[in-house]
Amino acid sequence: QVQLVESGGGLVQPGGSLRLSCAASGFAFSSHAMAWYRQAPGKEREMVAFISDSGGHTNYADSVKGRFTISRDNAKNTMYLQMNNLKPEDSAIYSCVAPALWWGQGTQVTVSS
């Protein structure tokens, strides 16, 4: 059974940092590219960051470039999203995704003073 379980969300003040984790199981994690998506109320879902199966290639939405870093540890079947200098507009549900295959349930990130 495939599982993608996100953790690390929460409430943070503007300018703060959070690190999201995605624990994967039930499939060959190291053979799949992965991504983080987010969706805020009333807004379209958007891909935040993408990472290749080996971790050697990454890509980011323009809105988070220079602030967010995606990474993965294939030995631990885990993907991460380090989010720095958070802004209120980063508030959303963040989901771990194996593109075109599986989605996690998401974790809420709220940036507010």
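All values below come from the heavy atoms of this structure, side chains included, with hydrogens, waters and symmetry mates left out. Since this is a predicted model, take the numbers as computed values, not measurements.
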- Query: Can the ring centres of Trp102 and Phe27 be said to be less than 6.0 Å apart?
  - Reply: yes

Should [X] and [Y] be regarded as members of a common hydrophobic cluster, given that ILVMFWY residues are connected when their side-chain heavy atoms come within less than 4.5 Å of each other, either directly or indirectly?
X	Y	value
Met79	Val97	no
Leu101	Trp36	yes
Ile93	Val12	no

- Query: If you draw the axis of the six-membered ring of Tyr80, does the NZ or CZ of Arg19 fall within 45° of it and under 6.0 Å from the ring centre?
  - Reply: yes

- Pi-cation contact, Tyr60 with Arg67 (under 6.0 Å, within 45°): no

- Carefully, step by step, assess Leu4 and Met34 under the rule side-chain contact (heavy atoms from CB on, under 4.5 Å). CA-CA 11 Å; Leu4 295 170; Met34 298 292 294; 3.9 Å; yes

Restricting to non-hydrogen atoms, name the atom on [X] and the atom on [Y] that form the minimum distance, rounded to 0.1 Å.
X	Y	answer
Gly104	Ser95	O-OG, 4.1 Å
Phe29	Asp73	CE2-O, 4.2 Å
Ala33	Arg72	CA-NH1, 4.0 Å
Pro14	Ser113	CD-N, 3.7 Å

Please check this pair: side chain of [X] against backbone of [Y], looking for a donor-acceptor N/O pair closer than 3.5 Å.
X	Y	value
Asn74	Gly55	no
Glu6	Gly106	yes
Thr78	Lys76	yes
Glu46	Ala61	no
Ser52	His57	yes

Out of curiosity, [X] [atom1] to [Y] [atom2], how far, rounded to the nearest 0.5 Å?
X	Y	atom1	atom2	result
Phe50	Ile70	CZ	CD1	8.5 Å
Cys96	Gln3	SG	CD	11.5 Å
Phe68	Thr58	CZ	OG1	14.0 Å
Ser30	Asn77	OG	CG	7.0 Å

- Message: Can you list everything that forms a ring pair (Phe, Tyr, Trp, His ring centres under 6.0 Å) with Tyr37? Sequence neighbours excluded, please.
- Response: Trp103

- Query: Does the side chain of Gln13 reach to within under 4.5 Å of the side chain of Leu86, using non-hydrogen atoms?
  - Reply: no

- Task: Decide yes or no for Gln39 and Tyr94: does some side-chain heavy atom of the first lie under 4.5 Å from some side-chain heavy atom of the second?
- Result: no

- How far apart are the C-alpha atoms of Asp90 and Arg38, what are their side-chain angles, what is the distance that settles it, and do they pass the salt bridge (Lys or Arg N to Asp or Glu O under 4.0 Å) test? CA-CA 9 Å; Asp90 294 319; Arg38 69 184 180 186; 3.0 Å; yes

- Can you check side-chain contact (heavy atoms from CB on, under 4.5 Å) on Val109 and Leu11, steps first, answer last? CA-CA 6 Å; Val109 171; Leu11 173 64; over 6 Å; no

- Between Ser17 and Asn84, does a side chain to side chain donor-acceptor pair (under 3.5 Å) hold up when you go through it step by step? CA-CA 4 Å; Ser17 298; Asn84 297 329; 2.9 Å; yes

- Report the C-alpha separation of Ser91 and Val111 in whole Å, then their side-chain angles, then the decisive distance to 0.1 Å, and conclude whether the side-chain contact (heavy atoms from CB on, under 4.5 Å) test is met. CA-CA 5 Å; Ser91 297; Val111 185; 3.7 Å; yes

- Item | Salt bridge Asp62-Lys65, side-chain N to carboxylate O under 4.0 Å | yes

